[in-house]
Amino acid sequence: MNEKDKSWALSIAEQIDKKVKVTSERNQHKIPYTSEKGHFNDCSDQISWWTNGFYAGQLWQLYHAYGEESFKREAEEIEKKLDQNLMDYRGMDHDSGFKWMLTAVADYKITGDERSKNRGMLAANNLAGRFNLSGGYLRAWNDAETGEQAGWAIIDCMMNLPLLYWAFEVTRDPRFTQIAKAHADTVIQNFIREDGSVDHIVTFDPATGEKKQALGGQGLAVGSSWTRGQAWALYGFTLSYIHTKEERYLQTAKRTAEYIIKMIPETGILPVDFKQGKECEWEDSSAAAIIACGLLELERYVGENDQKRYHDQAVCLLHTLTDKRCNWDNGIDPIVENCSAAYHDKDHNMTLIYADYYFTEAILKLCGKEIFLW
Ligand code: GLY
């Protein structure tokens, strides 16, 4: 590891830890998603929301790195609150990976708590149950029991597959890996475009498995390149490679990485969609943080030249975030600013908790203090 990058990252990691010590004190018992006037909101009453694991994940990462006991307590509290989601089948969608890898599975990895393992396994079994045999995909979202979305799969789900890989690791039951790999293979065939970019949503006929169409989803339009979707593909395929060692996943991760690197503007500030107009000022810093995590992981499995390119690109994104898009004021709760949930949303350039999570993960990776939670 480059010592200059490492010592820079170490100083930023300490800065994050210091800030979160202050901000977590006044945000006890909350599950933040975004912020208003610098203060975290609380999603405790929307317990199935897909982002409800990220704050706990950030607290576990920092607890693992620096040992602040109150971080562990807060993360455990969120994990317990999520039991309400586990008992509500309507709220159980494909985002179980995001929710329980960073809460229950993180807890189990760090403390060995059997109750946490139990939660992780319940979530993994539910996720496996979303597999569509004809189409070979994991169904993304639920609908009001109309079946309307029974054929929908989305690129983000690549980040939920690690819950299935973990379930295999603890039970040695190959069904979990079989389902994860079948889904990843369907994504290679149906989402990845010639140039390495990806569709956000692809719909299938849920009865026959036949592909119907690609949708623009959270991006600009059909055929555009929603930046965070590209990031999920890069990091997701890298994780599938790490867990399975299947060469095709590594090659797919590299193709998505090459596309992303080609599209990153010179400013290092990422648009919501790589194909949005030059006049559009909507940004997504969360995508930059996720891409940095993906590249820092991917660089470990490629040749020397690619290794350096991926590393330098990740470091460059992290420097831009740190210098231009992080708020280091302890009076303000979130760290990373200028994120967008979706291109066609009303609100833009807001804060999103997963940007803080992935920024923290990336910085800790760079200084060798991260715990691998995927
Ligand atoms: N998983 C939804 C998103 O990335 O916004």
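Ligands are counted one by one from 1 in listed order, and the atoms in each one are counted from 1 as well. Since the structure is predicted, the reported quantities are computational estimates derived from the model, not experimental observations.
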With Ser35 via side-chain hydrogen bond (donor to acceptor under 3.5 Å, both in side chains) - residues at least two apart: Thr351
Positive for ring-ring contact (aromatic ring centres under 6.0 Å, His included) with Tyr241, one of Tyr235, Tyr165, Tyr301: Tyr301
Assess whether atom CD of Glu36 is packed by more than 12 heavy atoms of other residues, nucleotides or ligands within 6.0 Å. no
Is it the case that Arg172 places NZ or CZ above or below the six-membered ring of Phe168, under 6.0 angstrom from the centre and within 45 degrees of the axis? yes
Does the cation-pi check pass for Lys254 over Phe237, that is, NZ or CZ under 6.0 Å from the six-membered ring centre and within 45° of its axis? no
Could you give the N/O to N/O pairs under 3.5 Å linking ligand 1 and the protein, each with its distance?
from: ligand 1; atom 1: 1 (N); to: Asp156; atom 2: OD2; distance (Å): 2.7
from: ligand 1; atom 1: 4 (O); to: Asp156; atom 2: OD2; distance (Å): 3.3
from: ligand 1; atom 1: 4 (O); to: Arg228; atom 2: NE; distance (Å): 2.9
from: ligand 1; atom 1: 4 (O); to: Arg228; atom 2: NH2; distance (Å): 3.3
from: ligand 1; atom 1: 4 (O); to: Trp232; atom 2: NE1; distance (Å): 2.9
from: ligand 1; atom 1: 5 (O); to: Gln218; atom 2: NE2; distance (Å): 2.7
from: ligand 1; atom 1: 5 (O); to: Arg228; atom 2: NH2; distance (Å): 2.5

Near Glu169 CD, under 6.0 Å, is it more than 12 heavy atoms from other residues, nucleotides or ligands? yes
